Amino acid sequence: MSEIKHAIQDYYPQDLAHCFGCGRNNELGHGFRTGWNGTETLTIYQPPEEYTAIPGYVYGGLIASLIDCHGTGSASLALHRKNGHEPEDGVEPPRFVTAELNVKYLKPTPQNTELHVTGEVEEVHPKKFNVHTVVYADGEAVAKGIVVAAVMPDNFGQS
């Protein structure tokens, strides 16, 4: 499987890296990793066999999770770069939460195939980004999505 160097998720603060989709601190999670591929963002993932919808095809909920985490990771990459940083420079990147998720399934996603998710980031507000994503299997688009990602508030998760 191909690998993303300098994935933004590798640099999230330790106490904010538990996401089931992309958190490095979640041993049971998917371990999605998002990085730059030129001006686009890229996540590469090989779904395990247990994520079966019907024999031979990937469960759509996994595709939605992949788009979701790719979107928030892409927004983090974009704002981090806008602030003059890259993931590997040692500066803690901003964290985002999903404000909205829209997924359009174009065709069934075959199993036993490495998936490539690309993203283009559109800043719509200093703290809000739209990330337009496409999921590819064997070079063919199988799903598209838009993630509205919002900068995580400082007091998020505190009562």
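Fair warning: this is a prediction, and the values are worked out from it, not measured in the lab. For reference, positions follow the sequence shown, starting with 1.
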Side chain to side chain contact (heavy atoms under 4.5 Å, CB included), paired with Phe96, selected from Ile8, Val131, Leu79: Leu79
With a 3.5 Å distance limit and no angle check, can you tell me whether Asn26 reaches the backbone of Gly21 through a side-chain donor-acceptor pair? no
Please output the side-chain donor-acceptor pairs of residues 47-60 that fall under 3.5 Å, not counting sequence neighbours, one pair per line with the distance.
from, atom 1, to, atom 2, distance (Å)
Glu49, OE2, Asn112, ND2, 3.4
Thr52, OG1, Glu49, O, 2.6
Thr52, OG1, Gln111, NE2, 2.6

Sequence neighbours excluded, which residues qualify as side-chain contact (heavy atoms from CB on, under 4.5 Å) partners of Glu100? Asn102, Val148
Val147 versus Leu101: any side-chain heavy-atom pair under 4.5 Å? yes
Answer yes or no: is there a side-chain heavy-atom contact under 4.5 Å between Leu115 and Leu66? yes
Counting N and O atoms only, with roles assigned by atom type, does the side chain of Asp89 sit under 3.5 Å from a partner on the main chain of Val91, one being a donor and the other an acceptor? yes
Judged by atom type as modelled, is there a donor-acceptor pair below 3.5 Å linking the side chain of Arg33 to the main-chain atoms of Gln9? no
Under 3.5 Å, sequence neighbours excluded: what are the donor-acceptor pairs made by side chains of residues 118-126?
from, atom 1, to, atom 2, distance (Å)
Glu122, OE1, His132, NE2, 3.0
Glu123, OE1, Lys82, NZ, 3.3
Glu123, OE2, Lys82, NZ, 2.8
His125, ND1, Lys127, N, 2.9

Going by distance alone, is a donor N or O of one side chain under 3.5 Å from an acceptor N or O of the other, for Thr72 and Thr98? no
Donor-acceptor contact below 3.5 Å, side chain Glu114 vs main chain Gln46: no
Tell me yes or no: between the side chains of Ser74 and His70, is some donor less than 3.5 Å from an acceptor? yes
Transitively linked via ILVMFWY side-chain contacts under 4.5 Å: Leu62 with Val117? yes
Just checking, Arg95 and Tyr12: is the charged tip under 6.0 Å from the six-membered ring centre and within 45° of the axis? yes
Result for side-chain hydrogen bond (donor to acceptor under 3.5 Å, both in side chains) between Glu86 and one of Arg81, His80, His6 points to Arg81
